[in-house]
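A quick write-up on the structure given underneath.
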Amino acid sequence: MYICLLTTAINPLFERALPEYCVVRGGFPAWMSRRDRRLMESLASNTKWDLLVAKYKSGNFTTIGEAVAAAPNSSETRFVIYIKSEAYYENVEVGRKKTMLMFVGDGIGKTLVKRNRSAVDGWTTFQSATVGN
């Protein structure tokens with residue numbers, strides 16, 4: 001499902017090119033609600049968020065991992081974590097119980113999440129993901 005969400009939202013041509021991933025309507029997976037589609041298309045500045053991550057203490061948390069830990073488990077409503085523009089050097093692990101979680105940043109080249117785990121250093125491919133569950 002994640003592949004479908006990411007590729008079709010970016011390029012509606014995937015709607016025809018990759019039908020085996022999921023049913024797509026209007027460039028988004030069919031399982032997404034109209035409200036979620038609007039949320040994906042809106043500007044970060046117009047999005048109502050639940051927690052704010054700011055590296056220099058102007059938010060609720062200074063790391064993304066702390067904000068994820070504070071998010072509710074098994075949520076049935078969308079929980080938005082807004083990440084202000086900075087470079088965050090961390091691997092973010094989103095537990096299986098963290099449902100309906102959405103990250104919103106200030107844009108490409110502004111909000112950066114990066115780390116450098118690799119197999120050479122003893123990490124598995126799965127553990128090398130910058131954001132994963």
Side-chain angles (χ1 to χ4, degrees):
M1 290 297 188
Y2 295 110
I3 292 172
C4 182
L5 171 62
L6 295 174
T7 57
T8 58
I10 293 168
N11 186 347
L13 294 177
F14 282 103
E15 186 169 342
R16 292 187 306 267
L18 302 172
E20 65 275 8
Y21 285 110
C22 67
V23 177
V24 179
R25 289 191 195 109
F28 291 96
W31 54 263
M32 284 186 82
S33 70
R34 183 172 292 198
R35 182 174 181 235
D36 287 341
R37 291 176 194 186
R38 282 195 306 265
L39 188 58
M40 293 287 292
E41 294 173 324
S42 67
L43 297 172
S45 58
N46 296 339
T47 303
K48 182 182 177 293
W49 42 266
D50 299 292
L51 290 177
L52 173 64
V53 178
K55 196 170 182 178
Y56 298 104
K57 300 181 183 180
S58 62
N60 303 103
F61 298 97
T62 57
T63 69
I64 301 164
E66 291 171 334
V68 169
N73 290 333
S74 305
S75 178
E76 293 187 17
T77 59
R78 181 77 54 218
F79 191 86
V80 180
I81 297 175
Y82 174 49
I83 308 165
K84 289 184 82 172
S85 64
E86 289 295 333
Y88 298 88
Y89 298 94
E90 59 182 298
N91 286 85
V92 181
E93 294 186 29
V94 180
R96 293 185 190 275
K97 291 184 179 182
K98 302 295 181 181
T99 57
M100 300 291 284
L101 192 61
M102 180 176 179
F103 298 132
V104 176
D106 284 326
I108 295 174
K110 293 181 180 178
T111 301
L112 306 171
V113 183
K114 53 187 175 178
R115 201 59 188 174
N116 60 349
R117 288 183 180 171
S118 70
V120 173
D121 298 324
W123 299 98
T124 66
T125 301
F126 181 79
Q127 292 170 322
S128 68
T130 304
V131 178
N133 70 350

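Values in this document were obtained by computation on a predicted structure and should not be read as measured data.
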Enumerate donor-acceptor pairs with a distance under 3.5 Å from any side-chain N or O in residues 108-115 to protein atoms, sequence neighbours excluded.
unit_1 : atom_1 : unit_2 : atom_2 : d
Thr111 : OG1    : Ile83  : O      : 3.2
Thr111 : OG1    : Asp106 : N      : 2.8
Arg115 : NH1    : Tyr89  : O      : 3.4

I'd like to check [X] versus [Y] (side-chain heavy atoms, cut-off strictly below 4.5 Å). Are they in contact?
{"X": "Val53", "Y": "Phe103", "value": "no"}
{"X": "Tyr56", "Y": "Lys84", "value": "no"}
{"X": "Trp49", "Y": "Val104", "value": "no"}

Between [atom1] on residue [X] and [atom2] on residue [Y], distance to nearest 0.5 Å:
{"X": "Ile81", "Y": "Met102", "atom1": "CD1", "atom2": "CE", "value": "11.5 Å"}
{"X": "Lys98", "Y": "Ser74", "atom1": "NZ", "atom2": "OG", "value": "9.0 Å"}
{"X": "Met40", "Y": "Thr47", "atom1": "CE", "atom2": "OG1", "value": "10.5 Å"}
{"X": "Met32", "Y": "Leu39", "atom1": "CE", "atom2": "CG", "value": "7.5 Å"}
{"X": "Thr130", "Y": "Asn116", "atom1": "OG1", "atom2": "CG", "value": "9.0 Å"}
{"X": "Phe61", "Y": "Leu52", "atom1": "CZ", "atom2": "CG", "value": "10.0 Å"}

inquiry  = Suppose we screen for salt bridge (Lys or Arg N to Asp or Glu O under 4.0 Å). Which residues come up paired with Arg78, at least two apart in sequence or across chains?
reply    =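 Result, salt bridge (Lys or Arg N to Asp or Glu O under 4.0 Å) vs Arg78: Asp36.
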query = If Ile, Leu, Val, Met, Phe, Trp and Tyr residues are connected whenever their side-chain heavy atoms lie under 4.5 Å apart, and connections chain through other members, are Ile64 and Phe79 in the same group?
reply =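 Same cluster.
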message = Please identify which of these residues, Val94, Asp50, Val80, meets the side-chain contact (heavy atoms from CB on, under 4.5 Å) condition with Leu101.
response =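 The residue from Val94, Asp50, Val80 that satisfies side-chain contact (heavy atoms from CB on, under 4.5 Å) with Leu101 turns out to be Val94.
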task = Answer yes or no: is there a donor N or O on one side and an acceptor on the other, between the side chain of Thr62 and the main chain of Lys57, under 3.5 Å?
result =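 Answer holds: no.
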ask   = Are the side chain of Glu90 and the backbone N or O of Thr63 linked by a donor-acceptor pair below 3.5 Å?
value =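 No; zero donor-acceptor contacts below 3.5 Å.
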Residue pair Ala67 / Leu51: nearest heavy atoms and the distance that separates them =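 Reported closest heavy-atom pair: O-CD1, 3.5 Å.
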ask   = Which heavy atom in Ala54 sits nearest to a heavy atom in Gly59, and how many Å separate them?
value =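 Closest pair (atom of Ala54, atom of Gly59, distance): CB-N, 3.6 Å.
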task = Please say whether more than 12 non-hydrogen atoms of neighbouring residues, nucleotides or ligands are located less than 6.0 Å from CD in Glu76.
result =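 Check fails, neighbour count at 12 or below.
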